[in-house]
2 protein chains.
Amino acid sequence: MPRNKRHLEQGEKKQAILTAAAELFTENGFDGTSMNAIAKQAGITPNTIYWYFPGKDDVLIGVLNDLVRDGLTEAMTMAGLPVRERLMHAIGVFERPESLMNTVHARVAHSEAIATWHARFHMMLEQILISEVCKVGIPTERAATVSRLLVYVIEGLLSHPHQENDRHEMIDAMLELAGVDA
Amino acid sequence: MPRNKRHLEQGEKKQAILTAAAELFTENGFDGTSMNAIAKQAGITPNTIYWYFPGKDDVLIGVLNDLVRDGLTEAMTMAGLPVRERLMHAIGVFERPESLMNTVHARVAHSEAIATWHARFHMMLEQILISEVCKVGIPTERAATVSRLLVYVIEGLLSHPHQENDRHEMIDAMLELAGVDA
DNA sequence: CTGTCATCTTGAATGGCATTCAAGAAAACA
DNA sequence: TGTTTTCTTGAATGCCATTCAAGATGACAG
């Protein structure tokens, strides 16, 4: 017979920690947020976080997965709109005063967990872009290369603070160069 | 009358520290290198570094400036070669198992010094690319945008471990899309 | 109702880190 | 020779992620 748990909230508390972490990461960045700060925000002690997550990197991964989930969900609801608009919106979801993508890239070399998350993320993003890019009239044999270039441009935008019209300009220019029927 | 210094090596010791730091940053990355390790590599104690540099970020800036200097110097000697080759080589200079560009992006938000270095670096790189890109037949009004896209693609390559033929493929694709006469 | 066991939480370490401080050597100068 | 400036260091300080051993708390078995 299965032994028990506490307040019936196994996953809920985990989510509460992630919510607290997401808020602080967004405000102060990953490096600017201590486990102590996350714990305080969640109303617990830092030790408790380690019962739910192996380490700080894994908290980051949890936050990133929530972000991806939200981004994909919202992208679904925008199914009718053109690629350009959906791209613009997705970048908005991941853009923060303190972009977490920079942290991911900086930590890939130090953390196995972050490295595999990053690899998965790239594959997913590239697959999505390839299919989107084909839909707007880019020949199949070019789609993979164009998608990789797009990934880099998107990450470039996420890595650097920019105005919204810069974002439009860069994405439009890239799509135009790639030969998208505007 | 000017008071004195020691072994006539004011700047030389500074350079020795930078050389030690460059070696370790290249091997283990910025975060993976402690001031203690840099000091040991340079044959001094960590405190001494602080007499020559305000902090660890400033050591990083010193290392980066050396890298830029070397890159520009080598680019000069390749003056006859096509843009593509010079670009490829410049990326090679900045590419490391542990790319420092990721560290720069991650630290821009936390360090004033790194932020201004980063801004200057971008301006310089963009200016160079604009002039290069004009030379190979890209209309002036497009040159700025194409250059910014190129910067992002270059940084994307620097941010991600990749094979040399990936690098060729991405840069060639970008130049071709931009309309460079190959 | 009671003792046991898994689940969850914590106070108090541990070890590493960047950085600072006060004091010490060492060369140049008067 | 003694003072001043330049350089170096041993020994802190304080923050950090992470760990450990012990304490609560609830579910279940008898």
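In what follows, every chain begins at residue 1, and chains take the letters A, B, ... in the order their sequences are listed. Values reported hereafter were calculated over all heavy atoms of this structure, with side chains retained and with hydrogens, waters and symmetry mates removed.
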note = A/His110 NE2 to D/dC16 P, in whole Å, measures 19 Å
ask   = Which pairs, with at least one residue in residues 30-41 of chain B and sequence neighbours excluded, count as a side chain to side chain donor-acceptor pair (under 3.5 Å)?
value = B/Glu23-B/Gln41
ask   = Using links of under 4.5 Å between side-chain heavy atoms of ILVMFWY residues, direct or through other members, which residues join B/Met76 in one cluster?
value = none
query = If only side-chain N and O atoms of A/Lys13 are considered, is one of them under 4.0 Å from the OP1 or OP2 phosphate oxygen of C/dT9?
reply = yes
request  = Figure out the OH/P separation between A/Tyr50 and D/dC16, and round it to whole Å.
outcome  = 12 Å
query = Just checking B/Tyr52: base, sugar-phosphate only, or nothing, at a heavy-atom cut-off of under 4.0 Å?
reply = sugar-phosphate
request  = Grab the NZ-P distance between B/Lys14 and D/dC7 for me, whole Å please.
outcome  = 11 Å
ask   = Quick check: does any side chain N or O of A/Asp58 sit under 3.5 Å from a backbone N or O of A/Gly55, one acting as donor and the other as acceptor?
value = yes
message = Quick check on contacts: within residues 20-46 of chain B, what sits under 4.0 Å from DNA chain C by heavy-atom distance?
response = B/Thr33, B/Ser34, B/Met35
ask   = Under 6.0 Å from the CZ atom of A/Arg142, do we count more than 12 heavy atoms belonging to anything else shown?
value = no
task = Would you kindly say whether B/His162 and B/Glu169 are connected by a side-chain donor-acceptor distance under 3.5 Å?
result = no
message = Can a donor-acceptor pair be found, under 3.5 Å and without considering hydrogens, that links the side chain of A/Ser111 to the backbone of A/Val108?
response = no
inquiry  = Checking B/Asp57 now: which residues fulfil salt bridge (charged side-chain N to carboxylate O under 4.0 Å, His left out) with it, not counting sequence neighbours?
reply    = B/Arg107
ask   = To the nearest Å, how far apart are A/Ile17 CD1 and C/dT9 C1'?
value = 11 Å
key: Residue pairs involving residues 76-88 of chain B (criterion side chain to side chain donor-acceptor pair (under 3.5 Å); sequence neighbours excluded)   = B/Arg84-B/His168, B/Arg84-B/Asp172, B/Arg86-B/Glu132
query = Is the shortest distance from a Lys or Arg side-chain nitrogen in B/Arg167 or B/Glu95 to a carboxylate oxygen in the other one below 4.0 Å?
reply = yes
ask   = Under a 3.5 Å cutoff on both atom distances, Watson-Crick or G-U, what's the dot-bracket for DNA chain C ([ ] crossing, | other strand)?
value = ||||||.|||||||||||||||||.|||||
key: Rounded distance (Å) that lies between atom P of D/dC7 and atom CD1 of B/Ile49   = 16 Å
ask   = Within the modelled atom types, does a donor on one side and an acceptor on the other bring the side chain of B/Asn47 and the base of C/dA18 under 3.5 Å apart?
value = no
remark   = Closest to the side chain of B/Trp51, out of C/dA18, D/dA17, D/dC7, is D/dC7
